[in-house]
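Residue numbers start at 1 and run along the sequence shown.
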Amino acid sequence: MKKRFFLSIVMVLCMAITILPTMASAVEDGVNTEEELIAAVQTDGEITLTGDIELTKVLEIPSGATVTIDLAGHSITQTGTRMVDWCVTEDIPWDESYCLGAGCEKSQRETGLNAIYLIGSSSLTINDSVGDGSITGTYNGISNDGGAEATLVVNGGTISSTLYNAIWNWESTVTINGGTFYGGVYHATSIKDGTFYGEVYVGASDNYTGTVENGTFHADVYAGTVQNGAFNDSVYVTVAISGGTFNGGVTSRNNAVTITGGTFGNLMVRSSNSLSNCTINGVLNWSGTAVPAIDNVEFGESASVGKFGYELINGQISEKEKYSIIVAAASENGSVSITHYNINGIAGTISAGQDWVRNDIYEGSSATFRATATPKDNYTFVGWYDNEKGAGQPISVANPVEYETDENGLMGDCTYYAVFEATDSYEEQLAIVEAWVGDYDNTEIFNINNKNDLAALALAVNNLGKTFEGKTISLNAN
């Protein structure tokens, strides 16, 4: 019995010795089957594809393994599917905590699989030495288990998904040096080049940084996420964009984003962000009151400013001209009266139904301002100001009225301004009228090509007294 046991061990060892060179030889010679590829990624090493591979299961990179896959012009295509619990009511994957509590209907649904999945501290580099190589998933192209220890480097190839994202990541390090991506990229920590056709989120929450140096982006880019998905400003993920062509929109998601280069379509930033050495061809907008710090920014012919109250003039951001109506007040025995109860101006009207007393004006904690300001068509009411230009902040509880007192300590004479602002479309109409009137005498034919031209014609007749007698008005609008 002992002799047999010894012989069986010898036989197993011999088989192992025979198999090991065969596996090593397969990796050295390249792989072209699913079985060979799955076996090859179990240990550290470089793997070259010698043929297209169709997957029926997820290619998992085990924790601790450091693997390089050279696509070499070949494809890895996921064809497998799986059954998952599905929330019929919300049409989303089943979430026990949400769907069960909401009383949703549960069912099974067939869905796709990731092509490649990184586990734990695994490291994967994707190369494509020949070109035209690709990785396609039926769920995500490349994904990980959500931890912070995995590392993914993409140097080339086309990464895509027929369902969700090219790359899905939350806290790990994802470096993209090149390649083409169809589907979203969530969340890259460093992008040095590449072509992107889906949404891109820059900055992973456990690395606290994100950089974009170059690349062409055809969809929206979101810069700056925060820790553990808590989308607030408590923990910033700093993002620096120094180059790239952004044909879609770019949105800054926190205060720790800086832009020092690149060409942008639409750009949404925050007041605390800074922009320099870049070109903007679309709409620049920002959240917050102050204009962001801007240095050496070129605005293209189609560029504009989307922030209410601002406009782009000769490449400079300027506050729009405000149209004011004066309210005069005079004191009498301690009360403040509106001198003009009904004021009718080009931009709007002001009326008040009763006298004001001292505390009726925004003072201290009082929240009453008894005059009513009503904008006319094509205008909006901005607020009450102590100056006719609408400079500074409007009068409010947080910004109370400052006034002089007489010898008895009573409120003295004061003047306040209701500030109105022309809407964007009306600004265009006013510009047309200004151009027409400026050369009215020398112009024989006035072309009406659109609604703004037609509105401008009415403005010129009604407000400026132009009769267009002896002139030709050519109606070209549909």
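When atom types are taken as modelled, the side chain of Asp220 and the backbone of Glu199 share no donor-acceptor pair closer than 3.5 angstrom. Judged by distance alone, with hydrogens and angles left aside, the side-chain atoms of Ser63 form no donor-acceptor pair with the main-chain N or O of Ser122 at under 3.5 Å. Distance alone, capped at 3.5 Å, is enough to place a donor-acceptor pair between the Asp44 side chain and the Thr66 backbone.
Just one residue in the list Leu118, Asn114, Asn169 forms a side chain to side chain contact (heavy atoms under 4.5 Å, CB included) with Ile142, and that residue is Leu118. Here the options are Thr258, Leu284, Thr260, the test is side chain to side chain contact (heavy atoms under 4.5 Å, CB included), and the partner is Leu275; only Leu284 passes.
Glu34 and Thr56 share a donor-acceptor pair across their side chains, judged by distance under 3.5 Å alone. No hydrogens or angles considered: nothing links the side chains of Thr216 and Thr245 as a donor-acceptor pair under 3.5 Å. Looking at Glu110 and Thr81, their side chains do bring a donor and an acceptor atom within 3.5 Å of each other. With no hydrogens or angles considered, a side-chain donor-acceptor pair links Ser252 and Asn273 at under 3.5 Å.
Checked against the 6.0 Å centroid threshold, Tyr310 and Trp286 count as a close aromatic pair.
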(request) Show your working on side chain to side chain contact (heavy atoms under 4.5 Å, CB included) between Leu124 and Val153 and close with a plain yes or no. (result) CA-CA 6 Å; Leu124 174 64; Val153 178; over 6 Å; no

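Here the closest heavy-atom approach between residue Lys192 and residue Glu213 is recorded as CE-OE2, 3.8 Å. Residues Gly141 and Ser161 share a closest heavy-atom pair of N-CB, 3.9 Å.
The aromatic rings of Trp170 and His187 sit perpendicular, their planes meeting at an angle over 60°, well past the 30° parallel limit.
For the pair Arg82 and Tyr139, the cation-pi criterion (under 6.0 Å, within 45° of the ring axis) is fulfilled.
A 4.5 Å side-chain heavy-atom check between Ile191 and Phe196 finds at least one atom pair inside the cut-off.
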